[in-house]
Amino acid sequence: MKAVLLDRDGTIIVEPPGERLVSQEDTKLFPDTLEALGLLANLGFAAILVTNQAGIAEGLITEEEFHKLNDGVIEMLKPSGINILKTYLCPHGPTDECVCRKPKPTMILEAAKEFDINLAESYMVGDRLSDIEAGFSAGTKTVLVKTGNAVVQSGYATFTAANLLEAARYIVNH
């Protein structure tokens with residue numbers, strides 16, 4: 001199976017205040033998210049969310065609250081027709097030295113094993129260097145989107161896109 005592995009915050013939804021999504025009211029899709037995911041859905045790509053959520057480690061939100069908010073995000077994506085197979089979550093902070101936090105490829109490799117994903121035919125799309133490094137290490141193609149709060153460049157990125165719609169068009173054409 002081919003899949004698009006997507007970072008969530010700053011990639012499909014607008015980066016929340018303080019870079020931590022802690023309320024449904026702060027959840028806003030980028031204007032092109034549904035169109036972009038619709039293009040991918042029409043090509044038969046499944047989608048998997050792969051997200052670092054340091055806000056859990058920081059005590060700003062519980063894991064249960066994260067899942068409730070994430071379910072809300074997935075509900076917002078339904079009109080696109082994309083099938084979100086699963087959300088892989090790292091609840092640790094940057095200094096926790098866990099095995100799952102991007103840029104480590106663990107969450108992507110777990111998804112590949114669970115869903116029999118052909119990583120060489122799949123894409124990791126994100127707005128941070130850690131997303132691109134994780135995808136590169138896992139063996140996916142990578143697309144860096146310039147929609148997050150941080151200004152990032154990466155030599156590991158297969159392609160750099162202004163937004164998710166440009167990323168989806170690239171994937172559709174390649």
Side-chain angles (χ1 to χ4, degrees), residues 3-42 45-96 98 100-104 106-108 110-111 115 123-135 142-152 154 160-169 171:
V4 176
L5 301 119
L6 297 157
D7 176 56
R8 192 186 72 177
D9 305 353
T11 302
I12 63 171
I13 65 171
V14 176
E15 191 95 52
E19 298 184 352
R20 307 289 189 258
L21 180 62
V22 295
S23 74
Q24 201 67 51
E25 295 77 42
D26 291 333
T27 307
K28 293 176 182 58
L29 296 177
F30 284 107
D32 58 9
T33 296
L34 294 178
E35 183 180 355
L37 295 180
L39 288 174
L40 298 172
N42 287 340
F45 278 94
I48 293 173
L49 301 181
V50 182
T51 181
N52 289 343
Q53 292 294 317
I56 296 170
E58 296 163 354
L60 299 174
I61 187 172
T62 66
E63 204 162 326
E64 182 179 315
E65 290 167 327
F66 164 81
H67 287 294
K68 185 177 178 184
L69 288 170
N70 195 64
D71 288 347
V73 171
I74 291 171
E75 189 65 31
M76 293 170 74
L77 299 177
K78 282 189 177 178
S80 73
I82 199 76
N83 180 21
I84 305 290
L85 296 177
K86 187 172 181 176
T87 299
Y88 288 85
L89 158 72
C90 172
H92 306 106
T95 60
D96 288 344
C98 66
C100 54
R101 186 172 177 82
K102 295 178 288 182
K104 293 179 180 127
T106 306
M107 293 187 284
I108 296 170
E110 287 176 3
F115 293 101
Y123 289 83
M124 176 66 208
V125 181
D127 67 313
R128 293 184 182 256
L129 186 57
S130 59
D131 301 318
I132 302 310
E133 288 177 351
T142 57
V143 180
L144 177 66
V145 291
K146 298 282 201 165
T147 48
N149 289 341
V151 177
V152 178
S154 173
T160 299
N163 54 45
L164 189 59
L165 183 56
E166 186 179 344
R169 287 179 177 146
I171 292 168

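Just so you know, these numbers come straight off a predicted model, no measurement behind them. Basis for what follows: all heavy atoms, side chains included, without hydrogens, waters or symmetry-related copies.
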Item to check | Straight-line distance of L89 CG to I56 CD1, nearest 0.5 Å | outcome: 4.5 Å

Next on the checklist: Quick check: closest heavy atoms across D131 and K102, and the distance to 0.1 Å?
Outcome noted: OD1-NZ, 2.5 Å

For residues 76-84, dump all side-chain donor-acceptor pairs below 3.5 Å to protein atoms at least two apart in sequence or in another chain.
unit_1, atom_1, unit_2, atom_2, d
K78, NZ, E75, OE1, 3.2
S80, OG, L77, O, 2.7
S80, OG, I82, N, 3.1

Checklist entry - If every non-hydrogen atom of H92 is compared with every non-hydrogen atom of C100, which pair is closest and at what distance? => result ND1-SG, 3.3 Å

Checklist entry - What's the verdict on side chain to side chain contact (heavy atoms under 4.5 Å, CB included) for F30 and I13, showing C-alpha distance, side-chain angles and the deciding distance? => result CA-CA 5 Å; F30 284 107; I13 65 171; 5.7 Å; no

Checklist outcome for this item: Rounded to the nearest 0.5 Å, the CG atom of L144 sits from the OG1 atom of T11 at a distance of 8.5 Å

Next on the checklist: Using every non-hydrogen atom in the two residues, find where A167 and V145 come nearest and quote the distance to one decimal.
Outcome noted: CB-CG1, 3.9 Å

Checklist entry - Does the distance from a Lys or Arg side-chain N to an Asp or Glu carboxylate O, for K146 and E166, drop under 4.0 Å? => result no

Item to check | Side chain to side chain, I12 and L164, heavy atoms closer than 4.5 Å | outcome: yes

Next on the checklist: Is it the case that the side chains of E64 and T62 hold a donor-acceptor pair, with the cut-off being a distance below 3.5 Å and no angle test?
Outcome noted: no

Checklist entry - What distance separates K68 NZ from E63 CD, expressed to the nearest 0.5 Å? => result 16.0 Å

Checklist outcome for this item: For A57 and G93 the tightest heavy-atom approach is CB-N, 3.4 Å

Next on the checklist: Tell me every residue that passes side-chain contact (heavy atoms from CB on, under 4.5 Å) with K86, counting only those two or more places apart in sequence or in another chain.
Outcome noted: Y88, E114, F115

Checklist entry - Within a strict 4.5 Å, meaning less than it, do heavy atoms of the D7 and M124 side chains meet? => result yes

Checklist entry - Only one of N70, D71, T51 clears side chain to side chain donor-acceptor pair (under 3.5 Å) with T87; which? => result N70

Checklist entry - What heavy-atom pair brings A162 and T147 nearest, and what distance separates the two atoms? => result O-CG2, 3.4 Å

Item to check | Gap separating the CG atom of L39 from the CG atom of L34, nearest 0.5 angstrom | outcome: 11.0 Å

Item to check | Side chain N163, main chain L165, donor-acceptor under 3.5 Å | outcome: yes

Checklist entry - Hey, are the side chains of D9 and D127 touching, using non-hydrogen atoms and a 4.5 Å cut-off? => result no

Next on the checklist: Rounded at 0.5 Å granularity, tell me how far CG in N52 sits from CZ in R101.
Outcome noted: 4.0 Å

Item to check | Approximate separation, where rounding is to 0.5 Å, of L85 CG and I48 CD1 | outcome: 5.0 Å

Item to check | Over all atoms of both residues, closest heavy-atom pair of E25 and K28 | outcome: O-NZ, 3.2 Å

Next on the checklist: Less than 4.5 Å apart, side chain to side chain, heavy atoms only: is that true for I61 and Q53?
Outcome noted: no

Checklist outcome for this item: Residues passing the side-chain contact (heavy atoms from CB on, under 4.5 Å) test with E133, sequence neighbours excluded, are P103, L129, Y156

